[in-house]
Undergrad: 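Here it is: the structure, laid out below.
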Amino acid sequence: MTVSVAARRESAVRAWGQVRARLAEDAVAALGTADADAFLHRVDLALLDVHEPLAALYGDRADELFDRALRIALAAATERPEELRRLDRRREIDPGWFQRTRMQGYVCYVDRFCGTLDRLPEHLDYLAELGTSYLHLMPLLAPRPGENDGGYAVADYRAVDPRLGTMADLERVAAALHERDMSLCIDLVLNHTAREHTWAQGWLAGDPAYAGFYTAFPDRTMPDAYDATIPEVFPDRAPGSFSWVPEACGGAGGWVWTTFWPYQWDLDYTNPAVTLAMLEEITWLANRGVDVFRMDAVPFMWKRLGTSCQNQPEAHTLLQLLHALTRLAAPGVIFKAEAIVAPDDLVPYLGGHERYRPECELAYHNSLMVLLWSSLATGEARLARTALARMRPIPPTASWVTYVRGHDDIGWAITDTDAGAVGVSGFGHRRFLNDFYAGRLPDSFARGALFQENEATGDARVSGTAASLCGIEDALDRGDDAALEAGIRRLVLLYSVACSFGGIPLLYMGDELALRNDAGYLADPARAPDNRWMHRPPMDWAAAARRHDPATLEGRVFAAVRRLGEVRRSLLALRGGTEAELLDAGNDAVLVWRRRHPRSGTFIGVANVGPGPQEVDADTVTGYGTFAQVHGSDGPLHVRDGRLRVPGLGFAWFAEP
Ligand code: GLC
């Protein structure tokens with residue numbers, strides 16, 4: 001039975017009416033009149049965003065849960081430090097703060113970047129030099145001992161990994177960032193905890209407080225039924241989505257839901273106690289000074305028999321709920337979805353549903369990333385143009401984060417439909433990309449490696465640093481200057497798109513210095529079986545010391561990347577709030593896109609993914625001569641006979657003066 005919007009609103013208003021007076025009284029006592037007024041006003045506005053998801057997920061229990069959830073939000077609002085409330089106020093005045101062109105990200109592992117958290121503030125000058133205003137520190141909460149999936153197996157959300165420091169250190173890092181108007185992003189692993197987490201241990205021991213926190217089945221009937229339609233994440237060492245745990249099911253043994261590694265136990269969000277417990281962890285961390293939560297592996301949070309158990313409508317509803325509740329307590333905090341899924345499934349994480357529903361402010365533009373690598377391999381931008389043009393627009397209040405590389409493997413999320421639209425086979429093309437980037441093809445410049453090769457399905461993903469995948473490692477090894485030149489151009493070209501397609505560009509640590517693959521992980525037994533560590537090298541500060549020497553590789557790449565950020569900051573048309581449109585400028589080797597900002601004018605980006613020079617229609621790119629070139633890989637480009645000549649692997653930016 002579908003419930004009308006009016007009926008849903010009515011139940012929300014009724015539920016609010018029942019608790020408002022008491023909550024208002026408590027809010028005034030806890031927060032003082034002004035902050036209480038703001039808090040209650042936020043609830044008024046978010047009423048439907050909180051109550052409706054509760055009703056959709058938990059039915060009759062919605063009213064009771066509504067009251068409990070508001071109480072958690074109020075407690076967190078009360079506990080929120082004054083400096084963070086000031087930030088909240090500024091961001092409530094300027095809700096598009098994360099859409100400004102000054103936003104530029106840097107992503108690093110604390111230990112690999114600077115050892116420990118207390119050393120991080122010493123390196124803020126380096127980050128500022130690059131133009132960083134948003135720092136994503138890779139998983140740093142206390143993980144389980146031993147193998148921990150790069151920190152994605154969290155044993156305690158309220159403690160920092162002791163090898164990196166303490167929670168007080170993290171708070172100091174947040175404060176140091178805020179002093180420089182930089183924001184802090186950390187990972188929030190929502191889908192699962194480590195099996196060592198108190199919740200998991202309590203559940204296993206039959207503690208009623210944790211009843212129903214996880215899922216276990218006594219025999220293979222249900223696991224087999226689910227596994228029949230769930231694609232495997234780690235087929236080589238963790239096939240299937242369930243792990244046998246002898247202590248489960250009251251000691252009789254059971255198959256625990258473990259989408260990822262066997263030590264990462266999926267939380268069961270059909271149980272509202274889990275949702276509320278997670279809300280308490282999120283708001284507690286927000287009050288330590290976290291500005292952006294990277295919501296890890298969100299597509300997997302809700303399971304349904306007979307499906308891939310990804311991107312279920314309830315996973316979205318759940319995110320919307322957590323989002324709305326978190327922002328009652330901490331309105332300056334935003335969510336970033338890590339949903340590495342097909343293009344059609346991606347936009348809803350930004351709230352782009354049939355009816356707009358606020359969900360995450362940011363999401364990784366996985367499609368753009370994948371299509372850029374695909375374009376470099378083929379020297380053709382037609383697939384990228386077609387697939388990107390087909391994507392649904394995102395809500396103007398949300399933005400992408402655009403990136404070239406991250407800590408994960410590259411999975412070729414190119415659909416058969418998109419591939420078919422340009423006349424290639426999806427499967428064949430994905431296989432080609434794997435072979436190409438694993439360096440298995442004779443004309444490949446890349447030095448990557450296959451990750452999670454699945455013999456049964458022929459699927460695989462690719463590991464390797466951006467520089468190595470761009471051909472820089474191979475060129476250096478062979479001492480081939482021309483190849484090195486091409487490798488550098490590829491790397492800068494990719495970043496030129498990430499910096500101007502729209503959204504917050506993320507720089508993955510080491511890419512600014514063209515760091516190559518690192519084999520060091522092979523010496524560590526907890527890491528050796530996971531080749532994603534090859535593209536998580538330690539920061540090379542000796543290489544960084546060469547960054548101002550234009551005669552070095554590091555000097556060239558660093559200067560180019562830094563300049564991209566600098567020019568980007570001056571181009572108001574690159575603000576969030578509007579879409580990139582793909583243009584056909586009459587040449588399939590050249591990707592051309594336009595951003596039109598209602599207040600800040602038009603921007604045109606041009607990227608030649610082919611090795612040789614190409615010509616495009618000049619009028620398309622210059623808006624019939626109304627836009628001027630503001631940046632480019634090769635200085636001012638020339639127009640002859642109505643055609644603009646773009647050098648191989650070159651880029652150019654045009655804007656309304
Ligand atoms: C995300 C992380 C990945 C991790 C997985 C499980 O996809 O990026 O590194 O393995 O979640 O937490």
Side-chain angles (χ1 to χ4, degrees), residues 105 107-112 136-144 146-155 157 161 185-197 200 214 230-241 243 256-267 269 278 281 292-301 303 308-311 315 319 335-342 345-346 349 360 362-366 369-370 401 403-413 451-452 461-465 506 508-509 521 526-527 529-536:
V107 184
C108 64
Y109 287 93
V110 175
D111 58 341
R112 315 229 117 199
H136 174 190
L137 297 177
M138 294 299 292
L140 47 70
L141 300 179
R144 72 191 290 272
E147 256 192 72
N148 61 32
D149 188 26
Y152 287 99
V154 178
Y157 294 98
D161 181 343
C185 170
I186 71 164
D187 289 80
L188 204 276
V189 187
L190 295 160
N191 177 67
H192 44 265
T193 69
R195 58 170 295 162
E196 287 76 7
H197 193 285
Y214 303 84
I230 299 180
E232 290 172 318
V233 181
F234 296 136
D236 71 349
R237 287 171 59 234
S241 292
S243 303
V256 173
W257 202 305
T258 58
T259 299
F260 296 88
W261 300 112
Y263 51 79
Q264 288 165 307
W265 291 7
D266 287 41
L267 286 161
Y269 284 95
M278 192 49 86
E281 303 308 270
V292 184
F293 286 101
R294 172 191 179 276
M295 296 304 208
D296 182 63
V298 287
F300 301 88
M301 287 168 71
K303 283 76 174 160
S308 65
C309 293
Q310 288 186 44
N311 311 310
L319 268 174
F335 284 8
K336 173 172 67 169
E338 190 247 347
I340 307 304
V341 295
D345 294 322
L346 192 49
Y349 289 95
C360 294
L362 301 172
Y364 286 87
H365 204 327
N366 168 54
M369 183 273 288
V370 162
V401 289
Y403 64 116
V404 172
R405 272 313 270 120
H407 73 290
D408 275 326
D409 46 289
I410 305 176
W412 304 109
F451 178 67
Q452 299 296 330
R461 285 116 71 184
V462 162
S463 287
T465 68
L506 301 183
Y508 183 65
M509 188 197 86
Y521 75 100
R527 290 178 174 169
D530 188 337
N531 75 16
R532 288 177 297 175
W533 286 100
M534 69 195 276
H535 53 257
R536 300 168 183 173

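In listed order, ligands and their atoms are each counted from 1.
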Undergrad: Using the six-membered ring wherever Trp is involved, compare the ring planes of Phe300 and Phe260 and label them parallel, tilted or perpendicular (cut-offs 30° and 60°).
TA: perpendicular
Undergrad: Quick test: of every protein heavy atom, which one is nearest to atom 10 (O) of ligand 1, and how far off is it to 0.1 Å?
TA: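 So the nearest neighbour among protein heavy atoms is Asp149 OD2, 2.7 Å.
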Undergrad: Please verify whether a non-hydrogen atom of Met138 lies at under 4.0 Å from ligand 1.
TA: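 Contact absent.
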Undergrad: Return yes if some donor-acceptor pair links the side-chain N/O of Tyr157 with the main-chain N/O of Val189 below 3.5 Å, else return no.
TA: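 At least one qualifying donor-acceptor pair exists.
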Undergrad: Can you tell whether the side chains of Arg144 and Asp149 come within less than 4.0 Å, N to carboxylate O?
TA: no
Undergrad: Find all atoms of ligand 1 within a distance of less than 4.0 Å from any non-hydrogen atom belonging to Arg294, and give their numbers and elements.
TA: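 The atoms of ligand 1 under 4.0 Å from a heavy atom of Arg294 are 2 (C), 8 (O).
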Undergrad: Any chance you could measure Asn531, atom CG, to Arg461, atom CZ, to the nearest 0.5 Å?
TA: 10.0 Å
Undergrad: Return the residue, atom name and 0.1 Å-rounded distance of the protein heavy atom closest to atom 7 (O) of ligand 1.
TA: Glu338 OE2, 2.9 Å
Undergrad: Taking only heavy atoms of His192, which atoms of ligand 1 are found under 4.0 Å from at least one of them?
TA: 6 (C), 12 (O)
Undergrad: Report the nearest protein non-hydrogen atom to atom 1 (C) of ligand 1: residue, atom name, distance rounded to 0.1 Å.
TA: Asp296 OD1, 2.7 Å
Undergrad: Who's the nearest protein heavy-atom neighbour of atom 5 (C) of ligand 1, and how far?
TA: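 I find the closest protein heavy atom is Phe260 CE2, 3.7 Å.
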Undergrad: Take the angle between the ring planes of His407 and Tyr109 and call it parallel below 30°, perpendicular above 60°, tilted in between.
TA: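 The rings of His407 and Tyr109 stand perpendicular, inter-plane angle above 60°.
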Undergrad: Any atoms of ligand 1 less than 4.0 Å from a non-hydrogen atom of Asp408? List them with their elements.
TA: 2 (C), 3 (C), 7 (O), 8 (O), 9 (O)
Undergrad: Flag the pair Thr193 / Tyr214 as yes when at least one side-chain heavy-atom distance between them is below 4.5 Å, and no otherwise.
TA: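 Yes. Closest side-chain heavy atoms under 4.5 Å.
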